[in-house]
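Below, chains carry the letters A, B, ... as their sequence lines are ordered, and counting in each starts from 1.
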There are 2 protein chains.
Amino acid sequence: MNIGEVSKNTGLPAKTIRYYEDIGFVTPARGDNGYRSFSEKDQHKLVFLGRARGLGFSIEDCRTLMALYEDQGRASADVKRVAQKNLSEIDRKIADLQAMRGTLSHLVANCAGDGRPDCPILEDLGRA
Amino acid sequence: MNIGEVSKNTGLPAKTIRYYEDIGFVTPARGDNGYRSFSEKDQHKLVFLGRARGLGFSIEDCRTLMALYEDQGRASADVKRVAQKNLSEIDRKIADLQAMRGTLSHLVANCAGDGRPDCPILEDLGRA
DNA sequence: CTTGACCCTCCCGTGACTGGAACCTTTATG
DNA sequence: CATAAAGGTTCCAGTCACGGGAGGGTCAAG
């Protein structure tokens, strides 16, 4: 398969797939014309990667998960640990964003939003 | 004031303050020795910037907010618009993370996390 | 034979810094 | 007074995960 078809099948942009090759995630064969020639397995790995990335795993996490995926004798505890670490990072990000959201929405609520120059948002930001 | 003191007062790393000078946010005077010499106003701007960044405003947003802050004739509606745009971006990010969190926590909950190789997390990631 | 779709590599840019090297100035101490 | 530590300076490179675009080769259809 050429890169275009793989891109269509996996939903990953061709640029991204080339990038994943650069960083050693897949190593597609090459045809005489220099074109990448992807196997089913390559494509499968890319799907895996796309899904894991979509769930917020970092590339390095993906490397770990992929190694575990390919290791038939792995312990599911190892996978679970990586996933839980990611989960708590997601929780932390959500908490941070919610804190931001709280402060900001409070400020927005108190701002008249009319033509007058008084603005509690700016006042708050400028407070030392 | 030297950069070190400003850093202590504002909580921003010296590196960051130099960066903010690079991108034209502050233009501290220079002493004969070449050291930056910050005024109270410079410091105040940096505090403003630090707080706005902490609320998730981008540098470009901060530029807008700063201009509005320094413009005595501004309309608070302009500020509110920037803040609301930012607020809806935060909401979107929270929603994305919560969707991730939902899928991932479901997977984690279904994973035994023991020494056996069966792992629903990997199974799911590998599904085409 | 040409057109257009597809593919290739290579390099630069993103946002918002952070780290480090190499060097200079000020301040504290023996 | 010499020296060492602390703090300042510039500049270059790296981060993360790609995206844009130049400049060119290849392939299938009409």
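In this structure, the separation between NZ on K45(B) and OG1 on T27(B) is 6.0 Å, given to the nearest 0.5 Å. One distance of note links CG of D91(B) with CD of Q84(B); it measures 11.0 Å at 0.5 Å rounding. One distance of note links CD1 of I121(B) with CG of L68(A); it measures 10.0 Å at 0.5 Å rounding.
Looking at residues 18-29 of chain A, you'll see R18(A) sit with a heavy atom under 4.0 Å from some atom of DNA chain C.
Stacking of R63(B) on the aromatic ring of F25(B) is recorded, both the 6.0 Å distance cut-off and the 45° axial limit being met.
Rounded to whole angstrom, the span from the CD1 atom of I59(B) across to the C1' atom of dC17(C) amounts to 9 Å. In this structure, K8(A) places its NZ atom 13 Å from C1' of dA5(C), rounding to the nearest Å. Distance E5(A) CD to dA5(C) P: 18 Å, rounded to the nearest Å. Residue F57(A) contributes atom CZ, which lies 17 Å from atom C1' of dA17(D) at whole-angstrom precision. Nucleotide dG7(D) holds its C1' atom 13 Å from the CZ atom of F38(B), rounded to whole Å. Rounded to whole angstrom, the span from the CZ atom of R53(A) across to the C1' atom of dA17(D) amounts to 6 Å. For the pair L12(A) CG and dA17(D) P, the computed distance is 14 Å after rounding to whole Å. Across the protein-nucleic acid pair, K15(B) atom NZ and dC17(C) atom P stand 13 Å apart, rounded to whole Å.
Along DNA chain C, the nucleotide nearest to S58(B) and the one nearest to I3(A) differ in position, and the one closer to the 5' end is contacted by I3(A). Comparing P13(A) and S37(B), the nucleotide of DNA chain D nearest to each residue sits closer to the 5' end for S37(B).
Partner of L107(B) under the side chain to side chain contact (heavy atoms under 4.5 Å, CB included) criterion, out of L55(A), V79(A), L87(A): L55(A) alone.
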Which parts of nucleotides 25-30 of chain D does protein reach within less than 4.0 Å, heavy atoms only, written one letter per nucleotide 5' to 3' as B for base, S for sugar-phosphate only and - for none? BBS---
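Using modelled atom types, one side-chain atom of S76(A) and one backbone atom of G113(B) make a donor-acceptor pair closer than 3.5 Å.
Between the side chains of D42(A) and S39(A), at least one donor-acceptor pair of N or O atoms lies under 3.5 Å. A donor-acceptor pair shorter than 3.5 Å cannot be found between the side chains of T64(B) and D61(B).
Between R30(A) and E21(A), at least one side-chain N (NZ, or NE/NH1/NH2) sits under 4.0 Å from a carboxylate O, which counts as a salt bridge.
Contact check, T16(A) against dA17(D): no side-chain N or O comes under 4.0 Å of OP1 or OP2.
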